[in-house]
K.L.:
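Below are the structure tokens for one structure; questions will follow.
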Amino acid sequence: MPRAKKRSGRGGQPGNVQPFSDEDSSIETLSHCSSLSERTSAAEEAGETEEMAQEDFQYKLKVYIDSTVDKSAKTRQGALDGLKTAMATKILYEFISERRMTITDSIERCLKKGKGVEQCAAASLACLLCIQLGSGIESEEVFKTLKPVFKTILNDGAANIQARQACATSLGLCTLVAEDDIMDVYATMECFESLFTHSYVREDGSRPSVNPQTTQLHTNALLSWALLLTICTGSHIRAIAQKCWDLQLRHLAKLPRLLENDDVNMRIAAGETIALLFELIRDVDPEFDYDDWEQLCEQLNALATDCNKHRAKTDKRKQRSVFRDVLKAVEEGDFQSETIRFATERMVIDSWVKKRTYDAFREFVGSGMNYHLQANEFIRDVFELGPPMLIDSAALKAMKSSRLERHLYNAAAFKARTKARNKFRDKRVDVGEF
């Protein structure tokens with residue numbers, strides 16, 4: 001193809017030279033600013049795209065909220081699940097605070113008129129709503145509306161057992177987040193006690209006949225009771241160690257009997273609660289002496305080394321791991337610390353109090369726990385992490401090592417490990433000499 005002719009002011013006759021005009025001036029200016037304008041336009045387009053995505057996301061949330069009152073149970077269930085996923089993975093405080101009463105009314109309606117799975121989803125959504133709103137007047141208003149519904153379902157023996165299980169867990173966490181009166185916290189704990197004490201071994205040594213679904217209800221009630229125990233005053237903890245209010249039950253003497261339960265989840269919940277009680281009581285009274293300490297240690301050691309063939313391997317593995325830590329807590333007052341890494345920060349779980357609190361939040365937030373630890377002001381305040389650290393994606397990417405660097409580091413570590421192991425492998429030994 002012929003090349004296009006270039007227009008140039010050089011050469012030719014002087015008469016052909018055109019005077020410098022304002023149009024030429026504007027073209028020259030644009031040529032100098034082209035790169036800057038391209039970068040600006042790209043940034044504007046990215047901002048517009050992000051804004052459109054945010055608008056689409058909020059539109060979907062509005063559709064979910066409207067669908068929670070649909071006539072179809074399947075549609076309501078899908079709407080509740082959609083709201084749960086959104087609240088577990090994003091911080092939506094401004095959007096939710098404007099619509100909190102609408103969402104609360106929908107949750108209340110689903111709890112009262114829904115069936116089974118729908119009630120479970122509504123109970124979980126109530127917890128996520130309180131986690132989003134944090135500890136304040138807004139979450140208190142939500143909880144005042146939903147607390148009577150939770151307790152009604154929890155104490156109704158004819159209600160769906162799965163709904164009762166969900167309400168036992170949700171009532172505990174919502175009380176932790178939104179309850180403003182410590183006496184109401186104690187009243188809720190008594191409500192939980194009226195459930196899990198039915199799994200205690202009787203005075204004559206006989207075990208109560210409880211089906212697996214009811215045992216799970218009692219387990220959830222025990223874990224919620226232990227969660228609220230972490231925010232009780234020292235005097236109340238001492239009272240719990242000696243007696244159980246009106247029932248005159250010594251929990252620290254009764255809880256070890258739950259270690260004999262046939263359900264592995266109940267045994268683990270009882271063991272962790274015992275470790276939590278010892279930790280809290282020793283903080284109040286370092287000279288605390290438990291009467292049946294040796295018998296309890298023997299029982300915990302048997303569970304930590306359990307090898308009964310009639311139990312599933314996964315259950316035994318999980319049980320051994322937990323009760324090794326529980327035994328250390330009772331014998332030595334020690335805790336096996338765990339480090340949680342998120343973004344550029346890390347949090348050390350160094351006590352049974354922090355572990356019980358972390359497990360309770362993680363049960364509802366799930367895979368979004370690290371994101372909430374990074375951005376949720378309320379959860380950061382609970383774990384004393386300070387205000388959120390604002391780090392943009394570019395800085396985060398710059399701090400992350402490249403794939404090649406990680407590969408080279410792993411290769412070098414593998415080579416060094418192989419050399420170290422080869423020192424203990426004498427390949428020159430003549431087997432015949434032995």
Side-chain angles (χ1 to χ4, degrees), residues 84-93 96 124 127-136 139 169-170 172-179 223-232 234 237 268-269 271-280 282-283 318 321-326 328-329 332-401 406 409:
K84 282 171 53 182
T85 302
M87 292 188 191
T89 55
K90 291 182 178 292
I91 302 299
L92 306 170
Y93 174 77
I96 289 175
S124 298
C127 284
L128 289 167
L129 179 60
C130 289
I131 291 173
Q132 288 279 343
L133 295 175
S135 181
S139 59
T169 304
S170 299
L173 186 61
C174 287
T175 302
L176 177 76
V177 176
E179 188 62 81
L223 290 173
S224 292
W225 180 82
L227 177 66
L228 297 183
L229 195 66
T230 62
I231 60 174
C232 289
I237 295 169
I268 290 175
E272 291 182 343
T273 304
I274 290 171
L276 176 65
L277 267 173
F278 267 90
E279 180 180 270
L280 292 172
R282 283 168 174 167
D283 286 343
K318 182 180 179 182
S321 175
V322 172
F323 278 97
R324 282 195 293 267
D325 296 337
V326 173
K328 286 183 180 179
E332 307 169 10
D334 191 18
F335 180 82
Q336 186 68 33
S337 62
E338 178 184 359
T339 302
I340 307 297
R341 293 179 175 83
F342 51 96
T344 59
E345 301 176 82
R346 63 180 60 188
M347 177 182 71
V348 179
I349 299 179
D350 54 1
S351 66
W352 288 98
V353 170
K354 190 174 288 188
K355 181 181 185 303
R356 177 81 280 274
T357 307
Y358 177 81
D359 290 344
F361 281 112
R362 188 180 58 181
E363 183 172 354
F364 291 96
V365 179
S367 60
M369 187 64 189
N370 284 358
Y371 175 75
H372 278 269
L373 285 172
Q374 182 183 356
N376 190 312
E377 294 183 2
F378 166 69
I379 289 184
R380 291 182 66 88
D381 184 56
V382 169
F383 293 106
E384 300 178 350
L385 296 173
M389 297 176 60
L390 300 177
I391 301 177
D392 57 5
S393 58
L396 188 62
K397 186 176 181 180
M399 287 184 286
K400 186 177 180 180
S401 59
R406 293 195 299 270
Y409 174 80

K.L.:
Determine all donor-acceptor pairs shorter than 3.5 Å in which one atom belongs to a side chain in residues 352-360; sequence neighbours excluded.
P.N.:
{"residue": "Lys354", "atom": "NZ", "partner": "Val348", "partner atom": "O", "Å": "3.4"}
{"residue": "Lys355", "atom": "NZ", "partner": "Glu272", "partner atom": "OE2", "Å": "3.3"}
{"residue": "Lys355", "atom": "NZ", "partner": "Asp359", "partner atom": "OD2", "Å": "2.9"}
{"residue": "Arg356", "atom": "NH1", "partner": "Leu223", "partner atom": "O", "Å": "3.0"}
{"residue": "Thr357", "atom": "OG1", "partner": "Val353", "partner atom": "O", "Å": "2.9"}
{"residue": "Asp359", "atom": "OD1", "partner": "Arg362", "partner atom": "NH2", "Å": "3.3"}

K.L.:
Once rounded to the nearest 0.5 Å, what's the spacing between atom CG of Leu176 and atom CD1 of Ile231?
P.N.:
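Going from the CG atom of Leu176 to the CD1 atom of Ile231 covers 5.0 Å.
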K.L.:
Roughly how far, to the nearest 0.5 Å, is the CZ atom of Phe378 from the CD1 atom of Ile91?
P.N.:
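Spacing of CD1 (Ile91) from CZ (Phe378) equals 12.0 Å.
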K.L.:
Which pair of non-hydrogen atoms, one from Ala275 and one from Val326, has the smallest distance, and what is that distance?
P.N.:
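The pair with the smallest heavy-atom distance is CB-CG1, 4.2 Å.
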K.L.:
So, taking the atom named CZ in Arg380 and the one named CD in Gln374, what distance separates them when rounded to the nearest 0.5 Å?
P.N.:
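Reported to 0.5 Å precision, the distance equals 7.5 Å.
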K.L.:
So, Ser139 side chain and Gly136 main chain: donor-acceptor pair closer than 3.5 Å or not?
P.N.:
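Yes; judged by distance alone, with no hydrogens or angles, the pair exists.
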K.L.:
Under 3.5 Å, side chain of Gln132 to main-chain N/O of Leu92, donor-acceptor pair present?
P.N.:
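Flag set: sc Gln132 to bb Leu92 pair under 3.5 Å.
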K.L.:
Would you say Thr169 and Phe364 make side-chain contact, with heavy atoms under 4.5 Å?
P.N.:
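Heavy-atom side-chain distance check passes, below 4.5 Å.
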K.L.:
Would you say Arg341's side chain and Arg346's backbone share a donor-acceptor pair under 3.5 angstrom?
P.N.:
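Checked: no pair found.
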K.L.:
Any chance you could measure Leu373, atom CG, to Glu345, atom CD, to the nearest 0.5 Å?
P.N.:
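It is 9.0 Å, given to the nearest 0.5 Å.
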K.L.:
With a 4.5 Å heavy-atom cut-off, do Val382 and Val177 have their side chains touching?
P.N.:
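Result no, sub-4.5 Å side-chain heavy-atom pair not found.
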K.L.:
Would you check, one step at a time, whether the test side-chain contact (heavy atoms from CB on, under 4.5 Å) holds for Ile131 with Leu173?
P.N.:
CA-CA 9 Å; Ile131 291 173; Leu173 186 61; 4.0 Å; yes
K.L.:
Quick one, Phe361 and Phe383 - any side-chain contact, counting heavy atoms below 4.5 Å?
P.N.:
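The answer is yes, as the side chains (C-beta and beyond) meet within the 4.5 Å cut-off.
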K.L.:
Measure the CG-CD1 distance between Leu276 and Ile274 for me, rounded to the nearest 0.5 Å.
P.N.:
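The CG atom of Leu276 sits 11.0 Å away from the CD1 atom of Ile274.
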K.L.:
Taking side chain to side chain contact (heavy atoms under 4.5 Å, CB included) as the test, write out the residues that go with Asp283, two or more places apart.
P.N.:
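So Asp283 forms a side chain to side chain contact (heavy atoms under 4.5 Å, CB included) with Glu279.
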K.L.:
What's the shortest heavy-atom distance between Ser124 and Ser170, and which atoms?
P.N.:
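Minimum heavy-atom contact is N-OG, 3.9 Å.
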K.L.:
Rounded to the nearest 0.5 Å, what separates atom CG in Leu385 from atom CE in Met347?
P.N.:
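The CE atom of Met347 is 6.0 Å from CG of Leu385, to the nearest 0.5 Å.
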